[in-house]
Amino acid sequence: MEFKTQKLLHGGDYNPEQWLDRPDILEKDIEMMREAGCNTVSLGIFSWSILEPQEGIYHFEWLEEIIDRLYSRGISTILATPSGARPKWLADRYPEVLRVDGERRRQLFGFRHNHCYTSPIYREKTAMINKKLSEHFGSHPGVIMWHLSNELGGECHCPLCQEAFRGWLKEKYGTIEELNRRWSTTFWSHTYQSFDQIESPSPIGETQLHGLNLDWKRFVTHQTMDYLKNEIQALREGGSTLPVTTNLMYYFQQLDYFKLAKELDIVSWDTYPTWHKEAVMETAYDNGMCHDLMRSLKKKPFFQIESCPTSTNWQGVSKLKKPGVLFSQSMQAIAHGGEGAMYFQIRQSRGASEKFHGAVIDHYGEKDTRVFQEVAKTGKALRQISEIAGSEVKSQVAIVYDWDSQWAMEDSQGPRNKGLHYHEVLLKFYRGFRKLGYNVDFVDMDCEIGGYKVLALPMCYMFKEGFAQKVRTFVEHGGILINTYWSGIADETDRCYLGGTPHGLMDVLGARSMEIDGLYDWEENQMVPLEDNVLGLSETYQCKYLCDLLELRGAKPVMVYGSDFYQGYAALTVNAYGAGEAWYVAADAEQRFYEKFIERLMRHSRLTGVLDQEIPQGLEVTTRETDEFLYYIYQNFGTKPVKIPLPQGKVEVIHGEQDEELPVYEMVIVKKKKEDTENRHDA
């Protein structure tokens, strides 16, 4: 179901049930939201105990009054289903709704998300209140979307979940013999005689059967998705046809978001970067990469549905955002394809867990605060650039990020059990492309890849069935492949491939991985360029952690190792295959290598970037587009003002000043007719 709006959403989580005895505060909040340019709030996320204080007794009147008041002032509502935190009566009356941990202990009532997704009673009770909410508010003109639960995650090992897991395995494998074969259970004499013998992984039981561990993670995603379907079905039975979302989280490892996103109409996520823990540009790359991952889950616009206006209350050090960072973070979400920049929370709570979590309106409660003024500045800018709502981010480059592969790799027990540095490698690739202004998509092994020009496989440990053939076809048809060490090692049940790796691509890459060396943290090697190499690389780069030793089978070496017993072995190779090229990066190289390698590779491959000029240090350039216009979005995450490199030809400024240096944390957006760009490239 499509969600279309003519505005960029601005606002955040609002919990007015805390202030029902203070109508003066509720009225003031609405006026302050309007002044800050807030046009949307999320309501009801943790409101179950107020909406249904006793089983079967519902009180919606307070919520209806607030939605009405907000709508009359031009503020829309994203209405939540309240299942993120169940009421005490539900846990007391039906203990089966409480989760059981890996050591088989049933949890007590408390915190959030302490509920079993499999429990028929929990599903029944959530469905009942969802249907009631849908009947009551599903056609309210002020309600624009449903927010399902909150920050889904966690797992349950109760008897209900064990039985559901066994049923899922039986459907997947058919026979216990096939499961034993795929899980390699003969090792350590762990063979099962029936599905009834299988239990989920446990710290006091089985943890070393990698096929079991991997399938349990897949089952947790499956069961979470199945639970979400139950929530959505209840909303539909209540008559609502509004789109649904739920708030995803930063590179969250418990759930496969590519699969989960299939149940959502629109993706939204919660972003809480630690902006001043390291250089701001470093954080901007990492946060931008997660924006692009979220956008890529459905190849559609997304929402930043939570961010902190100032400091959180839960990070190790709750540091204030410096002036300009709130604005810059909000605009980065829009630049990367977002349709909204929202906060947790609108008004700071007075007590309990998040009373010191930052908010648009703090305990002081007035608008003459630094944070409120910056929120108002953001709201004004979002109104000014509203014409980009509905535009798209299109990419020539895709990076493979697959949850199954990461789960298996991190459980594989070798070649490094402490510090595979997978996230860092993803980020090195990403930074290399983004520094040149290329938009980047993320794909998993089930996604279509034919429309891209460059495909990167950083540490793609698992090759699912058919994936190697998909990559082979991509290169045959002219694509540029960048493969790295520790790729194509195992199949989708984490059984090692026989006959050589990277499985199914040795001829495409012109090389075979013979061995891989895990380096101690204090060790390093070097990648040394060969004379007259095809990319014109001239510098030597440090490499650490993992070094792949290659047997060349037609590939041409571009760089070699500089030391150890494999000195002179190829460390970077290229192989022509079909109409394309396949590159092999054999070691975990430093960031400078990726930046230079990708720059030279794109030039060598005659791929056109968004600009003909060099992008200054600290400047992020992203493009969005419609059928008619290209929008160039410039953001300064550096340490000093910079001159922005404008595209050639006539441009129109829709935000900021194009002729002056761009201050730190500020933004400029210009637009250009696409026909002018296409004509220049044709010429």
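In this text the structure is predicted, and so the values were computed from the model without any measurement.
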Going by atom types only, do Glu55 and Tyr94 share a side-chain donor-acceptor pair under 3.5 Å?
-> yes
Geometric cation-pi criterion, Arg99 with Tyr117: 6.0 Å, 45° | yes
Strictly by modelled atom types, are Glu410 and Gln253 linked by a side-chain donor-acceptor pair under 3.5 Å?
-> no
Tested for side-chain hydrogen bond (donor to acceptor under 3.5 Å, both in side chains) against Ser200, the lone hit among Glu155, Arg166, Arg104, Glu206 is Arg104
Parallel, tilted or perpendicular for His190 and Trp188, by the 30°/60° rule?
-> perpendicular
Leu519 side chain near Cys547 side chain, heavy-atom distance below 4.5 Å = yes
Given the side-chain rings of His421 and Tyr545, with only the six-membered ring counted for Trp, is the space between their centroids under 6.0 Å?
-> yes
In this structure, are over 12 heavy atoms from other groups packed under 6.0 Å from Lys170 atom NZ?
-> no
How far apart are the closest heavy atoms of Ala586 and Ala570, and which atoms are they?
-> CB-O, 4.1 Å
Contacts of Tyr594 that satisfy ring pair (Phe, Tyr, Trp, His ring centres under 6.0 Å) - sequence neighbours left out = Phe429
Dump the intermediate steps for ring pair (Phe, Tyr, Trp, His ring centres under 6.0 Å) on Trp183 and His210, then the final yes or no.
-> CA-CA 7 Å; Trp183 283 7; His210 295 164; over 10 Å; no
Look at atom NZ of Lys132 and say whether more than 12 heavy atoms of other residues, nucleotides or ligands are closer to it than 6.0 Å.
-> no
Is there a donor-acceptor contact under 3.5 Å linking the side chains of Asp491 and Tyr497?
-> no
Could you tell me whether the side chains of Thr81 and Ser149 share a donor-acceptor contact shorter than 3.5 Å?
-> no
Measure up the Tyr251 and His423 rings against each other and bin them: parallel (under 30°), tilted (30 to 60°), perpendicular (over 60°).
-> perpendicular
May I ask you to say whether Glu151 pairs ionically with Arg112, meaning some side-chain N is under 4.0 Å from a carboxylate O?
-> yes
With a 6.0 Å cut-off on ring centres, are His115 and His113 close enough?
-> yes
Between Asp564 and Asn525, a side-chain donor and acceptor under 3.5 Å | no
Any donor-acceptor pair under 3.5 Å linking the side chain of Glu523 with the backbone of Tyr520?
-> yes
Who pairs with Tyr58 by ring pair (Phe, Tyr, Trp, His ring centres under 6.0 Å), at least two apart in sequence or on another chain?
-> Phe60
Where is the tightest heavy-atom contact between Leu264 and Lys298, given as atom of each residue plus distance?
-> O-NZ, 2.9 Å
Return the orientation label for the Tyr569 and Tyr566 ring planes: parallel under 30°, perpendicular over 60°, tilted otherwise.
-> perpendicular
Exercise: do Thr186 and Thr191 side chains pair donor with acceptor under 3.5 Å | no
Test item: side-chain donor near acceptor, Thr271 and Gln304, under 3.5 Å = no
Cut-off 3.5 Å, side chains only: do Gln107 and Asn114 have a donor facing an acceptor?
-> no
Any side-chain donor paired with an acceptor under 3.5 Å for Tyr584 and Asn575?
-> no
Point-to-point distance, once rounded to the nearest 0.5 Å, from CG of Asp444 to CG of Leu297 = 9.0 Å
For the pair Trp403 and Phe258, name the ring-plane relationship: parallel under 30°, tilted 30 to 60°, perpendicular over 60°.
-> perpendicular
Around atom CD of Glu103, are there more than 12 heavy atoms of other residues, nucleotides or ligands at under 6.0 Å?
-> yes
Assess whether atom CG of Leu108 is packed by more than 12 heavy atoms of other residues, nucleotides or ligands within 6.0 Å.
-> no
Please tell me if the side chains of Tyr422 and Tyr461 come closer than 4.5 Å, counting only heavy atoms from C-beta onward.
-> no
Report yes if the side chains of Glu52 and Lys125 come closer than 4.5 Å at any heavy-atom pair, otherwise no.
-> no
Decide ring pair (Phe, Tyr, Trp, His ring centres under 6.0 Å) for Phe165 and His157; before the verdict, give the C-alpha distance in whole Å, the side-chain angles of both, and the deciding distance to 0.1 Å.
-> CA-CA 9 Å; Phe165 180 45; His157 298 258; 9.2 Å; no
According to the interplanar angle, ranging from 0 to 90°, do the rings of Trp269 and Tyr250 count as parallel (below 30°), tilted (30 to 60°) or perpendicular (above 60°)?
-> parallel
Any chance you could lay out the salt bridge (charged side-chain N to carboxylate O under 4.0 Å, His left out) test for Glu231 and Lys229, step after step, and finish with the verdict?
-> CA-CA 5 Å; Glu231 285 221 28; Lys229 291 178 184 177; over 6 Å; no
With sequence neighbours left out, write down each residue that passes ring pair (Phe, Tyr, Trp, His ring centres under 6.0 Å) with Trp146, or none if nothing qualifies.
-> none
